[in-house]
Amino acid sequence: MVYATCYRLVKSQSDAEDLSQEVFIEVFRSLNMIRKENDLSGWIFKIAYNKSLSFLRKRNPVKLTNSVNIDSSTVELDKMHKRAESDSPHHSMEQAETRRIVFQAVDQLPDNQKRVILLHKFENYSQKEICEQLGLSLVSVESLIYRAKTNLRKSLFNYFKHYSK
């Protein structure tokens, strides 16, 4: 989870590995600060996310404004999520293209919507777990998921409407 989070944000295997090590060093140093055992994964996710953003800001402060690009073609995303068995190369190519388009649409979401939809739909966290991880109310998480889905629906509808012409 830590490596995948870092890799998805920084798009570099070696940087993601270094950041993952930094995350676990910080976790080890700060372990006494965790309050509840069930908060551990959310707390570690926050550290990984924040360290990755800090890394990106330091590397290129001008380029990183309010969004973090997600590389839709990463091998790690494919490893994290089950791939459907393909019957033909054509089917495989269509699936890869669809994944690319969906991740591009996710990339266009505001950061708060992007974080919540990634955790909910791609990392399979429940809404309650997302609340605990991000320190948000259930209503906020539900609203962010709803808005993210609405924005994705619009974006993907427009893409496929244009693509089918």
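The chain is numbered in sequence order, starting from 1.
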Asks: What is the distance from atom NZ of Lys121 to atom CD1 of Ile145, rounded to the nearest 0.5 Å?
Replies: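 Those atoms lie 7.0 Å apart.
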Asks: Could you tell me which non-hydrogen atom of Ser20 sits nearest to which non-hydrogen atom of Tyr3, and how far apart they are?
Replies: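 Heavy atoms of Ser20 and Tyr3 come nearest at OG-CA, 3.3 Å.
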Asks: Check Cys131 against Val141 and note the closest heavy-atom contact, atom names and distance.
Replies: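 Heavy atoms only, the tightest pair is SG-CG2, 3.6 Å.
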Asks: Working to the nearest 0.5 Å, report the span between CE of Met1 and CD of Glu123.
Replies: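 Rounded to the nearest 0.5 Å, the CE-CD separation comes to 7.5 Å.
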Asks: For Ala16 and Val10, work out which heavy atoms get closest and say how close.
Replies: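 Answer, listing the atom of Ala16 first, then Val10: N-CG2, 3.9 Å.
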Asks: Going through the distances and angles, do Leu144 and Leu136 end up as a side chain to side chain contact (heavy atoms under 4.5 Å, CB included)?
Replies: CA-CA 10 Å; Leu144 287 168; Leu136 299 172; 3.9 Å; yes
Asks: Do you know the tightest heavy-atom contact between Leu134 and Leu119?
Replies: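 It is CD1-CD1, 4.0 Å.
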Asks: For the pair Ser30 (side chain) and Glu26 (backbone), establish whether a donor and an acceptor sit closer than 3.5 Å, ignoring hydrogens and angles.
Replies: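 Side chain of Ser30 to backbone of Glu26: a pair is present.
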Asks: Measure the shortest side-chain to side-chain distance between Gln113 and Tyr146 over non-hydrogen atoms and say whether it is less than 4.5 angstrom.
Replies: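 Gln113 vs Tyr146: side chains apart.
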Asks: Under the 3.5 angstrom rule, does the side chain of Asp107 hit a backbone N or O of Phe103 as a donor-acceptor pair?
Replies: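 The answer is no, because no donor-acceptor pair under 3.5 Å joins these two groups.
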Asks: Can a donor-acceptor pair be found, under 3.5 Å and without considering hydrogens, that links the side chain of Glu129 to the backbone of Ser126?
Replies: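 Side chain of Glu129 to backbone of Ser126, a donor-acceptor pair under 3.5 Å: yes, one is there.
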Asks: Indicate the atoms forming the closest heavy-atom contact of Ser155 with Ala105, along with that distance.
Replies: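 Of all heavy-atom pairs spanning Ser155 and Ala105, the closest is OG-CB, 3.7 Å.
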Asks: So Lys114 and Val106, do their side chains get closer than 4.5 Å, heavy atoms only?
Replies: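 Heavy-atom side-chain distance check passes, below 4.5 Å.
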Asks: Between CZ of Arg147 and CG of Leu152, what distance do you get to the nearest 0.5 Å?
Replies: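 If I round to the nearest 0.5 Å, the distance is 13.0 Å.
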Asks: So, taking the atom named CG in Leu118 and the one named CZ in Phe45, what distance separates them when rounded to the nearest 0.5 Å?
Replies: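 It is 7.5 Å, given to the nearest 0.5 Å.
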Asks: Quick one: are Leu156 and Ile101 in side-chain contact, heavy atoms under 4.5 Å?
Replies: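 Sidechains of Ile101 and Leu156: in contact.
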Asks: Output the distance between atom OG (Ser14) and atom OH (Tyr7), rounded to the nearest 0.5 Å.
Replies: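 Going from OG on Ser14 over to OH on Tyr7, the span is 9.5 Å.
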Asks: About how many Å separate CZ of Arg59 and CG of Leu56, when rounded to the nearest 0.5 Å?
Replies: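 If we round to the nearest 0.5 Å, Leu56:CG and Arg59:CZ are 5.5 Å apart.
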Asks: Find out whether Leu9 and Leu19 are in side-chain contact, i.e. whether some heavy atom of one side chain is under 4.5 Å from a heavy atom of the other.
Replies: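 No, side chains not in contact.
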Asks: Please name the pair of heavy atoms, one in Gln127 and one in His120, separated by the smallest distance, quoted to 0.1 Å.
Replies: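 Nearest heavy atoms, Gln127 then His120: CG-CE1, 4.0 Å.
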